[in-house]
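Along the sequence shown, the residues carry numbers beginning at 1. Computed from a predicted model, the values in this text were never measured in an experiment.
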Amino acid sequence: MKALVIHPPHDLRVEEVETGSVGPGQLRVRVKAGGICGSDLHYYRHGGFGAVRVKEPMILGHEVAGTVVEVGSGVSAIAAGSRIAVSPSRPCGHCRYCQEGRQNHCLNMRFYGSAMPTPHIHGAFRQEIVIDASQAHLVADGVTDGEAAMGEPLAVALHAVRRAGPMLGRRVLVTGCGPIGTLIVMAARRAGAVEIVATDLSGKALAAALAAGADRVINTAEDPAGLAAFGADKGTFDVLFEASGSEKALRGALDALRPGAIIMQIGLGGDMTLPVNVLTAKELELRGTFRFHEEFAQAVAFINKRLIDVRPLITASFPFTRFTEAFTLAGDRDQAMKVQLTFD
């Protein structure tokens, strides 16, 4: 079967790869749709991000959905022909963090399309893949393969919202309205946020956030002081979801946070220098959020019932052999939200 394999930056190739045999408790899946994530773009453009570098050829991709074509022994809940979303999260289940229920921090994690360990963990941008049955989540009739492939980014958003605590009646600020930030708008609203304001530098991204349910959007490129009014009386917002990875966006939001507010840092943009005196004086809580685990099943359930409608976020879909066009469009924030590939 064919797969998309990254070599040096900008050297992405369609190559033949072995699928492997189906063992007990496993499924063979024909991949139908896959979304291009920010990490895929970083591998393609720069050969990695931060200290993570591609040191050997690696199959990209971790946002996929497909159809089961073969079922291994011991699997009874899923039959051949089932349409599924595939969770890319494969914790070992045995290390201390798995045993504590922190599977996203597994010491032996095998997350698809990751150059963090060496040998690298191959991804799912391929025509066919063998998975563990526990990774498979059934997709409802009427839900497209493209929608199902949005389960992974929605799971990231749901984990971030869960980490922030109760949302009911909260006033929320989201900085950075790419796919994750926009999905956070949807998830926070579903969880009960009473007011959501979103900021970004891109008009298209802000339009998507507004359509997703934000009460107000601010283009901080055109209106750098747009958040100033929210700084009255020591601040307005109970929770900040910082999804841009920008130090400027984070620092610019601090005055708008009320004392005791929670800062959820989702975006990864490198090290930042923060005014600790402001965090201390306002008793702000800075929390990180990383990947997900059980939230993947919840994300698919939301998509299946269209309690969160991801369709407006899907900008375009390309056959995987047209990967150059797809990655070029995916990297243009003024034109695209989520670009997907098909593998038929």
Side-chain angles (χ1 to χ4, degrees), residues 1-7 10-41 43-44 54 56-72 75 78-90 110-115 119-139 141 143-153 296 300 303 310 314-330 338-344:
M1 291 292 170
K2 292 181 171 61
L4 285 181
V5 181
I6 190 66
H7 290 262
H10 295 283
D11 186 3
L12 186 58
R13 309 175 193 175
V14 175
E15 296 183 354
E16 292 283 345
V17 298
E18 293 292 332
T19 302
S21 59
V22 177
Q26 292 186 321
L27 307 168
R28 185 188 305 275
V29 178
R30 181 61 62 95
V31 178
K32 295 292 186 178
I36 298 174
C37 176
S39 63
D40 297 317
L41 278 170
Y43 287 134
Y44 176 67
V54 174
E56 58 192 26
M58 180 182 76
I59 302 172
L60 292 180
H62 56 265
E63 303 177 7
V64 300
T67 301
V68 177
V69 294
E70 183 181 352
V71 177
V75 179
I78 297 177
S82 298
R83 297 174 57 244
I84 62 169
V86 179
S87 173
S89 179
R90 297 183 297 160
R110 297 160 298 144
F111 198 94
Y112 284 151
S114 174
H120 300 335
I121 308 299
H122 285 300
F125 280 174
R126 54 178 100 183
Q127 291 178 305
E128 199 171 86
I129 189 170
V130 173
I131 69 170
D132 295 335
S134 60
Q135 295 173 253
H137 299 264
L138 292 171
V139 175
D141 293 340
V143 172
T144 67
D145 296 319
E147 289 176 83
M150 292 291 290
E152 195 276 346
F296 191 90
V300 177
I303 291 171
V310 298
I314 301 173
T315 303
S317 180
F318 292 84
F320 76 100
T321 52
R322 293 170 57 191
F323 60 83
T324 300
E325 295 171 75
F327 273 74
T328 299
L329 180 59
K338 176 60 69 175
V339 176
Q340 296 184 330
L341 301 166
T342 58
F343 293 85
D344 291 329

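In terms of modelled atom types and a separation under 3.5 Å, the side chain of R28 and the main chain of G20 share a donor-acceptor contact. Here the side chain of D40 pairs a donor or acceptor atom with the backbone of G61 at under 3.5 angstrom. Between the K32 side chain and the T342 main chain, no donor and acceptor come within less than 3.5 Å of each other. Proximity of a side-chain donor or acceptor of E56 to a complementary backbone N or O of H120 within less than 3.5 Å is detected. Judged by distance alone, with hydrogens and angles left aside, the side-chain atoms of Y43 form no donor-acceptor pair with the main-chain N or O of M58 at under 3.5 Å.
Using a 4.5 Å cut-off on side-chain heavy atoms (C-beta onward), V31 and M1 make no contact.
Taking OG1 of T144 as the reference point, atom CD of Q340 lies at 7.5 Å (rounded to 0.5 Å).
Between I59 and the options I6, V5, I129, a side chain to side chain contact (heavy atoms under 4.5 Å, CB included) holds for only V5.
The pair E16-K2 counts as a salt bridge, with a side-chain nitrogen and a carboxylate oxygen less than 4.0 angstrom apart.
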### Intermediate values then yes/no, side chain to side chain contact (heavy atoms under 4.5 Å, CB included), E152 and F296
CA-CA 6 Å; E152 195 276 346; F296 191 90; 4.1 Å; yes
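A donor-acceptor pair shorter than 3.5 Å can be found between the side chains of Q135 and Y112.
Using bins of under 30°, 30° to 60° and over 60° for the plane-to-plane angle, the ring pair Y44/F327 lands in the tilted bin.
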